[in-house]
Amino acid sequence: MLKISFPGITQEQFTDAFAVLEECKSTPALGFPYPFMGPGGQYGNCWWERDTALTLLGYRWLDRNYCRTALENFTFVQKENGRIPLYGYDRVLDFDEELSAIPVIFEVAAYVCRETADEDYVRRIYGMLSRYMDWWLSPSKRDPKTGLVCGIFEESDPSDIHEQLTVAQVDLNVQVAVGADVLAEMATRLGDTAAADRYRALFAEVRDAVNCYLYNPADGGYYAWLVDEERLLTEQVYNSMFDVFKRGIIPLDRREGLLKLLKDDSLFGYDSKWGITTMAKTCSRYVETVGVYQGYTSWSGNIWTFRNRIIATGLLEAGLREEAAHIALQTVRTFNGNYAEFVSPSTGEGHGVLRYGWSASEYIHLIVEVLFGIRYEAVTDTVTVTPCMPRELDGETVSIGNLSVGDKYLHVTIKCGEEQEVAYRLTSSEE
C-alpha cells in the first residue's frame with residue numbers, strides 16, 4: 001500500500017481513498033467482460049463511461065493490470081458508428097443511440113497506455129478512441145458553420161440541453177481537443193505518422209474554433225455558444241471556462257485576463273477554504289444543493305473533484321504552476337477523508353454519494369501526479385519527478401512511497417521551499 005507523510009493528511013485518510021475504490025468494484029456486467037468500478041453508492045452494479053474511466057486515474061498506482069482490462073471493457077460495448085454509451089443501460093428518456101458522456105476517457109486512456117509496453121493493447125485502445133473521435137466529429141454532433149462540437153445531457157456539465165446541435169460547450173470542446181492530442185501521441189507511438197499529423201491538425205482546428213467562437217473579449221472569459229442564436233451564453237458563468245488552459249489552448253495574450261476571473265474570489269472562491277465552485281456565485285442560477293444528486297442543479301454551485309482536477313492539470317500544462325498547486329492542494333484538503341460526490345462550498349460538507357469513486361480517485365491523482373509530480377513511462381522504463389508544491393508548504397518535508405513503477409517501487413521525499421530539495425530511491429519490494 002502507498003505510504004504518505006503530508007501536512008493535514010493522515011495515512012488512514014489516504015488509505016481510505018483506495019478503500020473507496022475497492023468498494024466501487026463490480027463484477028462483469030452489461031456487456032463488460034472484465035471487472036470494473038462503478039460510481040459507488042446507490043448507482044449500483046452499472047458502468048458509466050465517465051465514472052468508470054475516472055476511477056482508474058488513482059487506482060493505477062495500486063493495480064495497473066486491473067486498470068488495463070477495466071479500460072478495455074469499452075472496446076466491447078462501442079457501437080458500430082463509434083459511439084460509447086453514457087452508461088450500461090444506454091437509455092436516457094427517448095435519447096437512445098444519440099448521446100455519450102463528456103469524453104474524459106481520452107485522457108484517462110493516455111495515462112493507462114503510457115504505463116504499459118504492450119503495443120497490441122495500445123493498438124486496441126487507439127482503435128477504440130479513433131472510432132470514438134469519428135463519432136464526435138459526425139454531422140449529428142458537430143456544427144458545420146463553427147466546427148464546434150455540441151453536447152446534450154452529460155456530454156457537458158452542467159447541462160440541461162435536450163436538443164442536438166443547439167449548444168457548443170467549452171468543457172466538451174476542450175475534451176475533444178485533448179482527445180485529438182492524445183490520439184496524435186498514440187499514433188506517433190504506433191508509427192502512423194500520417195494519422196499523427198491528421199490528429200495534430202484536428203487539435204489545432206478545434207483549438208482555433210474554441211478561441212474564435214467561445215471567447216468573450218469584454219471580460220476575458222470563455223462561454224458556451226448558442227448555435228441557433230449565434231451568441232455566447234454569457235449569463236451563465238461556469239468554471240469550465242478555465243478548461244482552456246488544457247494543452248495551452250488559450251493564447252498567451254489572453255491568460256492574464258482569464259486568470260483575473262479565476263482569482264476573483266467573489267466569483268468562484270479561489271481563496272476560499274473549500275475551493276472552486278462550478279458556477280460563479282454572482283449568477284442568478286447559482287445554487288448549493290444538499291442531499292442526493294439533483295441533476296444539473298448539483299453542477300450549478302457545488303464543488304466537484306472532476307471540475308477542479310481538469311482546471312488544476314490545465315494550469316500545470318500551461319506552465320502556471322503556482323495556481324495549479326493552489327487549486328490541487330485546496331481540492332485535496334476539501335475531499336481528504338470526505339470522498340463525497342460533491343461538496344457544499346459554504347460548509348465543506350459532502351453530499352450525494354458519500355463514498356464516491358471518482359472523488360477518491362482524483363484525490364489520489366492530484367496528490368501523486370500534480371503535487372508530487374510523478375510520471376512513469378513503461379516503454380522507456382523511466383520515472384520523472386517534477387513536484388508542484390504551493391508556497392504555503394515552504395519549510396515542510398513531505399514524502400510518498402511504495403509507488404509501483406515497472407518492477408520496482410518508488411519513494412520520494414521533498415523539502416518544500418524556493419530551493420526545493422527532492423530525493424528519491426527505488427526498491428525491489430514494498431516497504
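Residues satisfying the salt bridge (Lys or Arg N to Asp or Glu O under 4.0 Å) test with Arg83, not counting sequence neighbours, are Asp90, Glu97. Take Gln236 and apply the side-chain hydrogen bond (donor to acceptor under 3.5 Å, both in side chains) test, not counting sequence neighbours, and it matches Tyr238, Arg285. For Arg64, the salt bridge (Lys or Arg N to Asp or Glu O under 4.0 Å) partners at least two apart in sequence or on another chain are Glu115. Looking at residues two or more places apart in sequence or on another chain, you find a side-chain hydrogen bond (donor to acceptor under 3.5 Å, both in side chains) between Thr382 and Thr380. The salt bridge (Lys or Arg N to Asp or Glu O under 4.0 Å) search around Arg198 returns none, not counting sequence neighbours.
Under a cutoff of 6.0 Å and an axis angle of 45°, Arg254 and Tyr215 form a cation-pi pair. Annotation: cation-pi pair Arg114/Tyr111 present, NZ/CZ under 6.0 Å from the ring centroid and within 45° of its normal.
Between the side chains of Tyr293 and Trp299, at least one donor N or O sits under 3.5 Å from an acceptor N or O.
Here side-chain hydrogen bond (donor to acceptor under 3.5 Å, both in side chains) pairs that include residues 9-20, with residues two or more places apart or in two chains, are Thr10-Gln13, Gln11-Thr15, Gln13-Asn336, Asp16-Arg355.
In summary, the aromatic rings of Tyr339 and Tyr363 are positioned with their centroids under 6.0 Å apart.
Using a cutoff of 4.0 Å between basic side-chain nitrogens and carboxylate oxygens, Arg50 and Glu107 are not scored as salt-bridged.
Between Trp135 and Tyr132, the ring planes are parallel. Angles under 30° get that label, and only those over 60° would be called perpendicular. Using cut-offs of 30° and 60° on the angle between ring planes, the pair Trp358 and Phe306 is tilted.
Here the shortest heavy-atom pairing between Asn173 and Val206 reads O-CG1, 3.5 Å.
Shown are Lys79, Glu49, Glu155; of these, the side-chain hydrogen bond (donor to acceptor under 3.5 Å, both in side chains) with Ser100 is made only by Glu49.
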